[in-house]
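The structure presented is a predicted model; accordingly, all values stated were derived computationally and were not measured. Just so we're on the same page: letters track the sequence lines, and every chain starts at 1.
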Amino acid sequence: MALGFGGCVRFDGVQSALAPVSPEADHVFSLSWIMFWGSVAILVLVMVLGFYAVFGRRRPALDGNKMVIAGGVLLPLLALPPLLVYALALGDGLRAPPPEGALRIEVTGHQWWWEVRYRFPDAGDDFTTANEIHLPVGQAVEVLVTSNDVIHSFWVPRLAGKIDAMPGHANRLTLKAEEAGEFRGQCAEFCGAQHTHMAFVVVAKPQEAFEAWAAGQRKPARQPSSTEARRGLAAFLSQGCVECHTVRGTPASGRIGPDLTHVGSRRTLAAGTLDNNSATLAALIRDYQEFKPGADMPSHKDAFDQPTAESIAAYLEELQ
Amino acid sequence: MTVATHAEHHDGPPSSFFKRWFLSTNHKDIGSLYLLWALLMFFVGGTMAMIIRAELFQPGLQVVDPHFFNQMTTMHALVMIFGAVMPAFTGLANWMIPLQVGAPDMALPRLNNFSFWLLPAGSLILLSTMFMPGGAPASGWTMYPPLVLQTGMAFPFMVFAVHILGISSILGAINIIATVLNMRAPGMTLMKMPLFVWTWLITAFLLIATLPVLSGAVTMLLTDQFFGTTFFYAGGGGDPVMYQHIFWFFGHPEVYILILPAFGIVSTIIPTFSRKPLFGYSSMVYATASIAFLSFIVWAHHMFTVGMPLSGELFFMYATMLISVPTGVKVFNWVATMWKGSLTFETPMLFALAFVVLFTIGGFSGLMLAIAPADFQYHDTYFVVAHFHYVLVTGAVFSIMAAVYYWLPKWTGHMYNERLAKLHFWLSVISVNVLFFPQHFLGLAGMPRRIPDYSLQFAEWNMISSIGGFVYGASQLLFLAGVIICIRGGKKAPSKAWDGAKGLEWEVPSPAPFHTFDTPPLVK
């Protein structure tokens, strides 16, 4: 896109609607600049007219209402219908149903994280993850969005406009990434104290890489390999973590918090907020409230000590 | 027209402070009370804005915790809308409508006292929630369920405050309609009324039509919370989307409640300082009425992302676009008024001209937001924040400042300090653009609203915006100083403070005596 401010606006942002990577986002991007420059042109026109009205030399006397009718009535009535028609055509494409047999991803907003369930034609292939969505490049996928508590809004600016996650509704969005990469998404409907920390990552990758990733996610959790990790698993099972979290292949099957079966493979922790590494993981396990006050996950400062938190972190980190 | 001032035959204001200010039934004193309360709330809400901008100065959390930040965004909006802008317009209406239509007072003076005193009561209940367990409401001013139902102890107080402030505004609106329709001087037909009176008359009808809807919506929230109803609870057969429909049926006309009187003010000031009558008076009246009508049929453009089918959104897109026609008529009428005028640029005129330019920018961003497919990207981002601050700060607030400078000589009998006022104007108009224009970029680039912490890519423009915010906030202290200095003294103002001014208010002395137009003037 040659249009734009040049250096004024950063086009390289991981979360920018001004760096579209899908046809849908690209259309809206073009429309934005058309409207922007159209607005600037009309504004400048009106201002020049205003200056002329005040300071111009040899202004002719106003001829009745002609200027007001031309500028106030005719100009909008002529300029806006094409915009409306264009927007309609564009909107039709944006809300078009995905092709038959498209991959379906069910996203459920929670305060304050995203549950992501992959639905395949064969139900045995389904799996659940959190705060991270992987897509095959160049393929349209169907995203069904709903909420478990308050209203959230699912938004990946580089891929598409947003759609609200509404309790009691399943809203549909079609996503199609034209190039591989990682794109940041964020909750766009105000949802409480940690609304600001309710992000997620979309990873678009080639078909084979996507299949390999999906196959890895389908597997149950691996057995801990080190002594520390084995201690961590024992603590994980005995300290109440299982009430809220699922780790497939272990007795942990809670449904309140994110599925942790492959948490070690994810890029971020705490819903797109922090980088995923063992130190951060241990700190979050020990005192989640320090990082996200108000979240459902309690502080465990009084429940267990730092070494226990570190061993749980070591176990979770192995869950690639 | 005859000059009808017989104040010397009448009692002046009561000598007791309590009687004069607490029991007042005088439209001028009540108007002053409204304006002073609005000024106070403007600084309270402004302080909240400064806290918001301080937190957003850098990414990460530095100044406040997220929950307090959310209280600030919520309360800033509620205080500015219901505590500052609406009362300021009501104050201007109280002062000026009787003077402009040649009436001795408002039609219902005791009701006037009651509607004013409900305002501090409601505002203080709202502000008191900040000291309650769980803090002030932090759900956003739109109070969307289910989130709003997570509010702590503040919840019922917030609902109560909305009820009280709503009653205050409805009673004020009834009073204005009664005054305008019954108390005009002989000869002043409806189509001879000053445009400020016209815009307020239409605004008053909007208030009466929509505030009960808001009261109904928050009452349903109240019963959902405490009495087990499920109006907005999906699990009980209700729907959170329904709240949004009801809320915005109020909310969109509310936007015009905040801007129509501003149109009236600008249509008063531009002719004065152009020394020409307003161009296209009757088209201005019809345009105002059309905007008011359209405001009732565009509400769902605030909800394009809830998952409506495009065919449903089409109607709201189309109706929203139509608003640009009457608005365009207004802008071109103002330009035509200045055409070949003999212009001078005193502070009220500067604010009015800034209004025309900057409000137009807000109009264009509004048009961009009206396009549903584009709105899927813009909705709930800083682009929206930029849009409505252009409309409400450089629109409504600038018009109020223009009106204050314009009528201060009439209220106080003194001219304000023109140099101080010009300094206030230039600092404000520059800083307000540094504050809000970059927010367009932030929104287009993907920054959601109502977040205290943001992705690094948004850092530069947020810092610039915050700097603009601090300068704008500090500049408003000049406004306060200018008003105080003008009340205390200054060059004596003649009864007609501006040589191009027209209208009955300029036929009474400055300051306007306690009682005016005991004998109605005759309007030819």
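Looking at every heavy atom in both residues, B:Tyr378 comes nearest to A:Met35 through OH-CE, 3.8 Å. Closest heavy-atom contact between A:Leu43 and B:Ile361: CD2-CG1, 3.5 Å. In plain terms, the two heavy atoms of A:Asn171 and B:Gly307 that are nearest each other are OD1-CA, 3.6 Å. Between B:Ile371 and A:Ala87 the shortest heavy-atom distance is CG2-CB, 3.2 Å. The shortest heavy-atom contact between B:Ala374 and A:Val28 is CA-CG1, 3.8 Å.
Contacts between B:Tyr318 and chain A at a heavy-atom distance below 4.5 Å involve backbone atoms as well as side-chain atoms. For B:Leu61, the part lying near chain A is the side chain, with the backbone staying farther off; criterion is any non-hydrogen pair under 4.5 Å. Neither the backbone nor the side chain of A:Tyr86 comes within contact range of chain B; no heavy atoms are under 4.5 Å apart. Contact annotation for B:Pro438: neither backbone nor side-chain heavy atoms come within less than 4.5 Å of a heavy atom of chain A. If you measure heavy-atom distances from A:His197 to chain B, the contacts under 4.5 Å come from the side chain alone. Both the backbone and the side chain of B:Ala336 have a heavy atom closer than 4.5 Å to some heavy atom of chain A. Within the 4.5 angstrom heavy-atom criterion, only side-chain atoms of A:Arg184, from C-beta onward, approach chain B. For a residue to count as touching a neighbouring chain, one of its non-hydrogen atoms must lie under 4.5 Å from one of that chain's; by this rule B:Thr381 touches chain A with the side chain only. Heavy atoms of B:Phe345 lying under 4.5 Å from chain A belong exclusively to its side chain. Interface remark: A:Ala160 contributes backbone atoms only to the contact with chain B (heavy atom separation under 4.5 Å).
Interface remark: of the candidates A:Cys187, A:Gly168, A:Pro76, A:Ala70, A:Pro76 forms the most heavy-atom pairs closer than 4.5 Å to chain B. Note on A:Glu24, A:Gln194, A:Gln186: by heavy-atom pairs under 4.5 Å with chain B, the leading option is A:Gln186. Contact tally against chain A (heavy-atom pairs below 4.5 Å) for B:Lys340, B:Met317, B:Lys330: the top residue is B:Lys340. Ranked by heavy-atom pairs under 4.5 Å with chain A, the list B:Asp65, B:Val357, B:Val356 is led by B:Val357. Between chain A and the residues B:Met338, B:Met447, B:His67, the most heavy-atom pairs under 4.5 angstrom are made by B:Met338. Considering only heavy-atom pairs separated by less than 4.5 Å from chain B, the leading option among A:Val46, A:Leu49, A:Leu74 is A:Leu49. Chain B forms the most heavy-atom pairs under 4.5 Å with one residue out of A:Ala188, A:Gly38, A:Ala170, and that residue is A:Ala188. With chain A as partner, the option from B:Leu149, B:Leu314, B:Thr142, B:Val331 having the largest number of non-hydrogen pairs under 4.5 angstrom is B:Leu314. Chain B forms the most heavy-atom pairs under 4.5 Å with one residue out of A:Thr273, A:Leu83, A:Val40, A:Val145, and that residue is A:Leu83. Among B:Gly328, B:Ala234, B:Gly446, the residue making the largest number of heavy-atom pairs under 4.5 Å with chain A is B:Gly446. Top candidate by heavy-atom pairs under 4.5 Å with chain A, chosen from B:Tyr454, B:Phe458, B:Phe69, is B:Phe458.
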Trace of the side chain to side chain contact (heavy atoms under 4.5 Å, CB included) decision for A:His195 with B:Asn70: CA-CA 9 Å; A:His195 168 58; B:Asn70 296 337; 5.6 Å; no

Residues B:Val325, A:Leu77; criterion side chain to side chain contact (heavy atoms under 4.5 Å, CB included); working and verdict: CA-CA 7 Å; B:Val325 174; A:Leu77 285 184; 3.9 Å; yes

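Within 6.0 Å of the CZ atom in A:Phe291, the count of heavy atoms belonging to other residues, nucleotides or ligands exceeds 12. Within 6.0 Å of the OH atom in B:Tyr286, the count of heavy atoms belonging to other residues, nucleotides or ligands does not exceed 12. Remark: A:Arg267 CZ is packed, more than 12 non-hydrogen atoms of other residues, nucleotides or ligands lying under 6.0 Å away.
With contacts defined as side-chain heavy-atom distances shorter than 4.5 Å, the pair B:Leu343/A:Val54 qualifies. Using a 4.5 Å cut-off on side-chain heavy atoms (C-beta onward), B:Pro240 and A:Ile151 make contact. A 4.5 Å side-chain heavy-atom check between B:Met368 and A:Leu31 finds every atom pair outside the cut-off. The closest side-chain heavy-atom distance from B:Ser324 to A:Leu80 is below 4.5 Å. Contact check for A:Ile163 versus B:Phe376: no side-chain heavy atoms found under the 4.5 Å cut-off. Residues A:Met67 and B:Trp339 have side chains in contact (heavy-atom distance under 4.5 Å, counting atoms from C-beta outward).
Atom CD of A:Gln15 sits about 11.0 Å away from atom CG of B:Leu456, to the nearest 0.5 Å. Here A:Ser16 contributes atom OG and B:Phe441 contributes atom CZ; the two are 12.5 Å apart, rounded to the nearest 0.5 Å.
There is a side-chain donor-acceptor pair under 3.5 Å between A:His169 and B:Asp239. If you check the side chains of B:Asp453 and A:Thr196, you find no donor sitting under 3.5 Å from an acceptor.
Judged by distance alone, the side chain of B:Gln377 and the main-chain N or O of A:Pro157 form a donor-acceptor pair under 3.5 Å. Looking at A:Lys162, its side chain does come within 3.5 Å of a backbone N or O of B:His379 through a donor-acceptor pair. At distances below 3.5 Å, not a single donor-acceptor pair connects side-chain atoms of B:Asp380 with backbone N or O atoms of A:Phe190.
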